[in-house]
K.L.:
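Below are the structure tokens for one structure; questions will follow.
As a basis for the values below, the full set of heavy atoms in this structure was taken, side chains included, without hydrogen atoms, waters or symmetry mates. On a predicted model such as this, the values are computed, not experimentally measured, just so you know. Position 1 is the first residue of the sequence; numbering continues from there.
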Amino acid sequence: MPRSVNHVASRERRRKLLKQTKGYFGRRKNVWTVAKNAYEKGLSYAYRDRKKKKSNFRALWIQRINAAARIEGVSYSKLMGMLHAQNIEINRKVLADLAMNHPEAFKAIVKKATNA
């Protein structure tokens, strides 16, 4: 009995992956083995960087809070310590947004934190 290989399914599978690698440089976009490796590596980078994105945003928020706090005459670490001591629970994302878009509200929070 002859061997059954189902070329239709394997060709479709390859076509689908090569469509995903469209835009890659050189052989990474059109040679099956190279494209497959590049695609799988890209998936692992995507998984890793979805986790890393969270720490990148936290670092950005801290930089923004620190810049705004220094305008008010206090460092980031002192400000966060004073907020904690006053039991003012506001997260870094909201604090950074206030520092960027509503400086008067940020100034009020700093003033409330420093009144100890």
K.L.:
Tell me, please, which residues at least two apart from R50 pass salt bridge (Lys or Arg N to Asp or Glu O under 4.0 Å).
P.N.:
none

K.L.:
Is the count of non-hydrogen atoms from other residues, nucleotides or ligands lying under 6.0 Å from K16 atom NZ greater than 12?
P.N.:
no

K.L.:
Run the numbers on E104 and K107 for salt bridge (charged side-chain N to carboxylate O under 4.0 Å, His left out), then give the verdict.
P.N.:
CA-CA 5 Å; E104 62 285 341; K107 189 181 282 191; over 6 Å; no

K.L.:
So M80 and L95, do their side chains get closer than 4.5 Å, heavy atoms only?
P.N.:
yes

K.L.:
If Ile, Leu, Val, Met, Phe, Trp and Tyr residues are connected whenever their side-chain heavy atoms lie under 4.5 Å apart, and connections chain through other members, are L79 and I71 in the same group?
P.N.:
no

K.L.:
Hey, could you give me each pair passing side chain to side chain donor-acceptor pair (under 3.5 Å) that has a residue in residues 59-69? Not counting sequence neighbours.
P.N.:
N66-R70

K.L.:
Do the numbers put K51 on top of the ring of Y47, so that NZ or CZ is under 6.0 Å from the six-membered ring centre and no more than 45° off the axis?
P.N.:
yes

K.L.:
Rounded to the nearest 0.5 Å, what separation is found between the CD1 atom of I109 and the NE2 atom of H102?
P.N.:
10.5 Å

K.L.:
Determine whether I62 and M100 fall in the same hydrophobic cluster, where Ile, Leu, Val, Met, Phe, Trp and Tyr are linked whenever their side-chain heavy atoms lie under 4.5 Å apart.
P.N.:
no

K.L.:
Does the side chain of T114 come within less than 4.5 Å of E72's, by heavy atoms?
P.N.:
no

K.L.:
Which pair of non-hydrogen atoms, one from S10 and one from H7, has the smallest distance, and what is that distance?
P.N.:
OG-O, 3.2 Å

K.L.:
Starting at OG of S55, measure out to CG of L60 and round the result to the nearest 0.5 Å.
P.N.:
11.5 Å

K.L.:
Please tell me if the side chains of V8 and E12 come closer than 4.5 Å, counting only heavy atoms from C-beta onward.
P.N.:
no

K.L.:
Stepwise, does the side-chain contact (heavy atoms from CB on, under 4.5 Å) test hold for R13 with L17?
P.N.:
CA-CA 6 Å; R13 195 166 47 246; L17 190 135; over 6 Å; no

K.L.:
With E40, which residues qualify under salt bridge (Lys or Arg N to Asp or Glu O under 4.0 Å), at least two apart?
P.N.:
K36

K.L.:
Using the rule that Ile, Leu, Val, Met, Phe, Trp and Tyr join whenever any side-chain heavy atoms are under 4.5 Å apart, tell me whether V110 and I88 fall into a single cluster.
P.N.:
yes

K.L.:
Could you check if a side-chain atom of Q86 sits within less than 4.5 angstrom of a side-chain atom of K112, using non-hydrogen atoms only?
P.N.:
no

K.L.:
Atom OG in S77, atom CD1 in I65: separation rounded to 0.5 Å?
P.N.:
12.0 Å

K.L.:
Let me confirm one number: the CD-NE2 distance from E89 to H84, rounded to the nearest 0.5 Å.
P.N.:
8.5 Å

K.L.:
Check whether L18 and V34 end up in the same hydrophobic cluster, where Ile, Leu, Val, Met, Phe, Trp and Tyr are linked by side-chain heavy atoms less than 4.5 Å apart.
P.N.:
no

K.L.:
Which atom pair, heavy atoms only, marks the closest approach of N91 to V94?
P.N.:
OD1-N, 2.9 Å

